[in-house]
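Contents: one structure, followed by commentary.
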Amino acid sequence: MNDKPLISIKGLYKYFDKLQVLKGVSTEIKKGEKVAIIGPSGSGKSTMLRCINLLENPTYGEIWFEGKLLTPIDPYLHFDVIKLSNTYQKQLEQYLVEHPDADPEAASEAVIADIKKNDLLKKNEGGAYRKAIKALFQENFQNVDISRRDIGMVFQHFNLFNNLTVMQNLTLAPVELKLKTKEEAEARALELLTRIGLADKANVYPSTLSGGQKQRIAIVRALAMNPKVMLFDEPTSALDPEMVGEVLDLIKQLADTGMTMVIVTHEMGFAREVADRVLFMDGGIIAEEGKPKELFANPQNPRTKEFLSKVL
Amino acid sequence: MSFLEKLAYAWELRGLFAQSLGISLLIALGAVVIGFVIGVLLAVIRIAPKTNPVVKVLDGFAQLYITIIRGTPTMVQLLIMYSSILVVFKYLGTNLLVPIIAFGVNSGAYMAEIIRSGINSVDVGQMEAGRSVGLSWVTTMRKIIIPQAIKVVIPTIFNEIIILVKETSVVSVIALRAGGNQVWDLMGLVSKMATAKPAVYNTFLYIGALIYLTVVLLLTFLQKMLEKRMKKNER
């Protein structure tokens, strides 16, 4: 397996006004890996998932996909860039004089926080620094619209395009983005619909479908783009109980094909069965992570224990 | 002059009535098209995320436009267009474009707010789904959001069109020309005839009212057909 991460999340913070939903989340997702994110509601797991393809804009932090930076080149978003600045060096020296026995990590964090708070970069830095940012921009930045083609997303509420038929739902993006001709896209769509046994629904509108059918079509809509990773945001939470199985089965089949997947879910059994790694989120951080067997059987963090005792 | 004689007189003038109805409808139709295009553009600008400075400037312009148009009477707008902004038409043989533009610009402000409310009524998940497959904001708007928004606002849009059709009667305050000859809209014709023959004024008013009512009934029928067809599209 390739060791270079497909997705890197670095120091992710998300505030909704005063509410801190994510408080510093960092993790890497390797190609072919299946990661399940569990945790109580309000723990920030959906927000984190939605930050990966920038449906939510992170307040701070970086998202990297295939070695490309998706988050904007705002210097305050990038710890590395701040560290390049003269301001940082000066402030750090001064800080270390004032706090001689400070831990270097903590010192760095405090200095960065101070620089952000007082907008010191804008006040102090000159052309050389701006050039450094520009270099970073040109080398690594990629418009998220491009990366989103490779990042499939499945929503809790399906979000099929209501004004289009099932077939059009599957072919719109590939054709519109000129990745396929209409004929190619339709052939691929029909192949996908046949795979999930819904080829006969190609020409109906989403409003006539059951929840389970909608979600399975939403999954193949994402697959029609041939993505490199699939993000699932509580894919079964809005379904009637008898329809959960068909959707989970499809996700499982997909996992067996080697697809990289990140799944936010409340289905613990499913997470245990499918995931290579489970992240337990609580209070906006990854409180614990590990292999599913270990994490479910022998949680280390008391909050994980408490959560699992409630849901299992 | 008996009532029947008045009716017979009106019947004699049926050619003129037909022509003036044509003028009224032409102005209304042109204005609806212009208004709709302006409305969609303004609504999209108003709704666009204000991250780009260009969008911010455009949004400021859109708000100013809507404020001015909604804040002044249609007749005043028409007269301003006629006597200053579009004064160049004074020297042309045909000036029907003046009321078409004036009413179109007027209607655009109202359509913008109607369409904006329609866009707001579309679930945000639709935009997110469009973006998640790599479509741009503009493409998602065009292919997904606006078609759904239009469907929602069809009754309100028709309401605006009906108001517009009747509002075009204001145009009788300016002198209309087509191909160098003076022409009249429906209400303009009624007033002119009444001045020439005061005895028929009341009768002609009723006839004018009936013609407008017929047009509006036809529009209402069209609206129902359209709504029915769109509903069928979902099944």
Side-chain angles (χ1 to χ4, degrees), chain A residues 46 49-50 52-57 72 74 143-165 168-179 203-209 214 217-218 220-227 229-233 238, chain B residues 36 40 43-44 47-56 114-157 223 225-235:
Chain A
S46 279
L49 190 80
R50 290 160 56 80
I52 292 178
N53 64 354
L54 298 201
L55 284 185
E56 291 306 343
N57 282 312
D74 175 346
N143 187 311
V144 71
D145 280 348
I146 306 291
S147 294
R148 279 178 182 148
R149 298 174 183 183
D150 294 328
I151 306 177
M153 176 113 185
V154 175
F155 300 87
Q156 184 177 355
H157 295 286
F158 332 127
N159 298 354
L160 289 177
F161 303 132
N162 294 325
N163 59 322
L164 302 180
T165 63
Q168 290 166 335
N169 262 276
L170 267 64
T171 57
L172 176 71
V175 173
E176 198 66 32
L177 297 170
K178 302 200 165 50
L179 304 174
N203 295 313
V204 307
Y205 284 85
S207 57
T208 61
L209 302 169
K214 280 184 194 170
I217 286 164
V220 292
R221 174 179 67 183
L223 290 178
M225 294 293 292
N226 300 320
V229 56
M230 288 283 284
L231 311 178
F232 293 89
D233 187 3
Chain B
F36 187 73
V40 171
V44 168
I47 225 101
K50 308 289 174 289
T51 42
N52 182 324
V54 179
V55 177
K56 267 187 206 161
I114 293 169
I115 293 166
R116 188 166 72 101
S117 75
I119 292 175
N120 278 332
S121 76
V122 177
D123 179 24
V124 288
Q126 296 284 309
M127 175 56 83
E128 291 184 347
R131 302 307 305 276
S132 78
V133 285
L135 297 175
S136 67
W137 187 87
V138 172
T139 307
T140 312
M141 262 292 155
R142 205 160 48 85
K143 293 279 177 181
I144 307 298
I145 311 293
I146 291 180
Q148 294 184 43
I150 296 296
K151 202 158 93 182
V152 174
V153 298
I154 277 186
T156 334
I157 290 271
Q223 174 191 348
M225 297 287 290
L226 213 57
E227 282 178 31
K228 217 175 180 179
R229 215 171 114 186
M230 292 216 151
K231 260 200 193 119
K232 216 164 151 191
N233 242 356
E234 280 179 0
R235 298 280 139 77

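For the numbers below, each heavy atom of this structure counts, side chains included, while hydrogens, waters and symmetry mates do not. Chain naming here is simple, since letters A, B, ... match the order of the sequence lines and numbering starts at 1 in each.
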Under the criterion side-chain contact (heavy atoms from CB on, under 4.5 Å), I'd like the reasoning laid out for A:Asn162 against B:Gln148: C-alpha separation, chi angles, the key distance, then a yes or no. CA-CA 8 Å; A:Asn162 294 325; B:Gln148 294 184 43; 3.7 Å; yes
Walk me through whether A:Leu172 and B:Val133 qualify under side-chain contact (heavy atoms from CB on, under 4.5 Å). CA-CA 9 Å; A:Leu172 176 71; B:Val133 285; over 6 Å; no
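Residue B:Thr139 touches chain A through its side chain alone, counting heavy-atom pairs closer than 4.5 Å. Using a 4.5 Å cut-off between heavy atoms, A:Leu160 contacts chain B through its backbone alone, with no side-chain atom that close. For a residue to count as touching a neighbouring chain, one of its non-hydrogen atoms must lie under 4.5 Å from one of that chain's; by this rule A:Leu164 touches chain B with the side chain only.
The number of heavy-atom neighbours closer than 6.0 Å to NZ of A:Lys178, taken from other residues, nucleotides and ligands shown, is 12 or below.
Remark: side-chain polar atoms of A:Asn163 are not paired, donor with acceptor, to backbone N or O of B:Ala149 under 3.5 angstrom.
Chosen from B:Ile144, B:Asp123, B:Thr140, the residue pairing most often with chain A at heavy-atom distances under 4.5 Å is B:Ile144.
Note on residues 146-155 of chain A: pairs passing side chain to side chain donor-acceptor pair (under 3.5 Å), not counting sequence neighbours, are A:Gln142-A:Ser147, A:Asp145-A:Arg148.
The minimum heavy-atom distance between B:Gln126 and A:Phe161, with the atom names listed, is OE1-CA, 3.4 Å. Closest heavy-atom contact between B:Leu135 and A:Ala173: CD2-CA, 3.9 Å. Across every non-hydrogen atom of A:Phe155 and B:Ala129, the tightest pair is CE1-CA, 3.7 Å.
The side chain to side chain donor-acceptor pair (under 3.5 Å) search around A:Gln156 returns none, not counting sequence neighbours.
Here the OG1 atom belonging to B:Thr51 is positioned 9.0 Å from the CG atom belonging to A:Asn57, to the nearest 0.5 angstrom. In this structure, CG on A:Asp233 lies 9.0 Å from CD on B:Glu128, to the nearest 0.5 angstrom. Interatomic distance, OG of B:Ser132 versus CZ of A:Arg221, reported as 6.0 Å (0.5 Å rounding).
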